S.K.: 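Okay, handing you the structure first.
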Amino acid sequence: IKSQSITVTTNSLALTAAIGASGDSLTIQPLGTATTVGLGTGAGTLQLTQAELNDITATTFVYGSTGSTGTLTVGGAVTLPSTITNFTLASGGTIVISSGASITDSNASGTLTLQGNSENIAGAITSPTLVINASGSITDTASVNVGTFDLAGGNWSQNIPAASMPAFTATNFEITGGTFLRVTGGDGTSTGSAYQVFDVYGLQGMEGFLNSDFQLQNAIDATITKN
């Protein structure tokens, strides 16, 4: 299929030919308002496998819909092909990147956007640009390695002991909406139970908690975000 902008609304999909929307957009969204969606090996009534993903060319590809409350689950090692520039996972429910799963964007100029009500990142993310846009909670127990990180909405929360804290790397870190908490303990209610800040990302996230108490755990190197 070759076209400019394409929208496919369905609860079941089997791609047997390439879809090309080069320079334009492609949307594959569920028909039902509570249809579950799967990517890779992730479970869902509407599913898109890695092989099918590889057959897609689009400047912007939106998979899922914020109008559906069904969970969107990513399973297995998913690689976004270089033929997709901007890829969005969308759900009006929860977006789950399963434990042991991963998303790797192979487009050097690619942007991965997670747009959900809540988001559970238990699998690793690697992308030139990552945009997180949630209306509720965001939990992350897996590594994030990106060029640009933009928190556009939602409440990112990592309060995890140092030994278990997942790696997080971003050379350009932005909070344009929501709050970002990345600490290794405390609850911020007093100096005796202050949030324990240990890296530059948690330091920058303090702006969303100006009425809370924080304590630096160690010297912080901010050079990684100098760009």
Side-chain angles (χ1 to χ4, degrees), residues 60 62 74 78-80 84-91 94-97 101-188 194-227:
T60 299
V62 178
V74 179
V78 173
T79 298
L80 305 181
I84 298 171
T85 305
N86 304 301
F87 182 69
T88 297
L89 292 175
S91 174
T94 301
I95 295 175
V96 177
I97 303 177
S102 63
I103 301 179
T104 301
D105 193 340
S106 67
N107 189 314
S109 301
T111 296
L112 169 62
T113 300
L114 305 184
Q115 186 170 1
N117 179 43
S118 61
E119 299 173 5
N120 180 4
I121 303 170
I125 295 177
T126 303
S127 179
T129 298
L130 174 63
V131 178
I132 299 289
N133 191 3
S135 53
S137 64
I138 306 157
T139 58
D140 175 28
T141 56
S143 65
V144 172
N145 184 1
V146 298
T148 294
F149 176 88
D150 180 8
L151 177 62
N155 302 310
W156 179 288
S157 181
Q158 289 176 297
N159 193 338
I160 303 171
S164 303
M165 180 67 75
F168 188 105
T169 303
T171 53
N172 182 26
F173 181 86
E174 302 175 356
I175 302 172
T176 57
T179 59
F180 185 92
L181 182 70
R182 179 173 163 87
V183 296
T184 57
D187 60 18
Y195 286 128
Q196 302 299 299
V197 179
F198 72 100
D199 69 5
V200 67
Y201 311 109
L203 183 67
Q204 290 178 257
M206 288 170 55
E207 65 177 316
F209 302 88
L210 296 180
N211 293 322
S212 297
D213 290 286
F214 288 84
Q215 181 179 19
L216 293 182
Q217 283 277 76
N218 46 257
I220 291 176
D221 181 4
T223 58
I224 191 170
T225 60
K226 62 183 178 181
N227 295 324

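We count residues from 1, following the sequence as given. What you see is a predicted model; the values in this text were computed from it and never measured.
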S.K.: Just by modelled atom types, is the L80 backbone N or O under 3.5 Å from a matching donor or acceptor in the S106 side chain?
M.R.: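 A pair under 3.5 Å: yes.
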S.K.: As an exercise, state the distance from OG1 of T176 to CG of L151, rounded to the nearest 0.5 Å.
M.R.: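 So the gap between those two atoms works out to 6.5 Å.
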S.K.: In this structure, which one of V74, T88, I125 forms a side-chain contact (heavy atoms from CB on, under 4.5 Å) with L114?
M.R.: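 Running side-chain contact (heavy atoms from CB on, under 4.5 Å) over V74, T88, I125 with L114 returns exactly one hit, I125.
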S.K.: Tell me whether N107 contacts the main-chain N or O of I84 through its side chain, where contact means a donor paired with an acceptor under 3.5 Å.
M.R.: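 It does hold such a pair.
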S.K.: Check whether the side chains of S137 and N155 place a donor and an acceptor atom closer than 3.5 Å, and report yes or no.
M.R.: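 No donor-acceptor contact under 3.5 Å links the two side chains.
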S.K.: Calculate, to the nearest 0.5 Å, the distance between atoms CG and CE belonging to D140 and M165 respectively.
M.R.: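 It comes to 9.0 Å.
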S.K.: Side chains of D105 and P128, heavy atoms from C-beta outward: is any pair under 4.5 Å?
M.R.: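 Heavy-atom side-chain distance check passes, below 4.5 Å.
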S.K.: Between S143 and P166, which heavy-atom pair has the shortest distance, and what is it?
M.R.: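 Residues S143 and P166, closest heavy atoms: N-CB, 3.9 Å.
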S.K.: Which heavy atom in A124 sits nearest to a heavy atom in A142, and how many Å separate them?
M.R.: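 Nearest heavy atoms, A124 then A142: N-CB, 3.7 Å.
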S.K.: Please check if the side chain of N159 supplies one atom and the backbone of G186 the other of a donor-acceptor pair under 3.5 Å.
M.R.: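 Looks like yes, one N/O pair under 3.5 Å.
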S.K.: Provide the closest heavy-atom pair for F198 versus N218 in the form atom of the first, atom of the second, distance.
M.R.: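 Of all heavy-atom pairs spanning F198 and N218, the closest is O-ND2, 3.1 Å.
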S.K.: Quick one: do D150 and T129 satisfy side chain to side chain contact (heavy atoms under 4.5 Å, CB included)? Show the steps, please.
M.R.: CA-CA 8 Å; D150 180 8; T129 298; 5.8 Å; no
S.K.: May I have the step-by-step check of side chain to side chain contact (heavy atoms under 4.5 Å, CB included) for L112 and V146, ending in yes or no?
M.R.: CA-CA 10 Å; L112 169 62; V146 298; over 6 Å; no
S.K.: Restricting to non-hydrogen atoms, name the atom on G202 and the atom on V197 that form the minimum distance, rounded to 0.1 Å.
M.R.: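 Result for this residue pair: C-CG1, 3.9 Å.
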S.K.: Please answer whether the main-chain N or O of Q115 pairs with a side-chain N or O of N133 as donor and acceptor at a distance below 3.5 Å.
M.R.: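 Absent.
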S.K.: Supply the atom-to-atom distance I103 CD1 to L130 CG, rounded to the nearest 0.5 angstrom.
M.R.: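 Here the rounded value is 9.0 Å.
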S.K.: Can you name the ring-ring contact (aromatic ring centres under 6.0 Å, His included) partners of F149, sequence neighbours left out?
M.R.: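 Checked F149 against ring-ring contact (aromatic ring centres under 6.0 Å, His included); matches are W156, F168, F173, F180.
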S.K.: Test your reading of the model: is there a side-chain donor-acceptor pair from S157 to the backbone of T139, 3.5 Å cut-off?
M.R.: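 Flag not set: sc S157 to bb T139 has no pair under 3.5 Å.
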S.K.: Consider side-chain contact (heavy atoms from CB on, under 4.5 Å). Of T94, V96, I95, I97, which one does E119 pass it with?
M.R.: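 Testing each of T94, V96, I95, I97 against E119, the sole residue satisfying side-chain contact (heavy atoms from CB on, under 4.5 Å) is I95.
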S.K.: Let me check something: any side-chain donor-acceptor pairs from residues 206-216 under 3.5 Å, sequence neighbours excluded? List them with distances.
M.R.:
{"from": "D213", "atom 1": "OD2", "to": "S190", "atom 2": "N", "distance (Å)": "3.4"}
{"from": "Q215", "atom 1": "OE1", "to": "Q196", "atom 2": "NE2", "distance (Å)": "3.1"}

S.K.: Hey, could you give me the CG/CD1 distance between L181 and I138, rounded to the nearest 0.5 Å?
M.R.: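 If we round to the nearest 0.5 Å, L181:CG and I138:CD1 are 11.5 Å apart.
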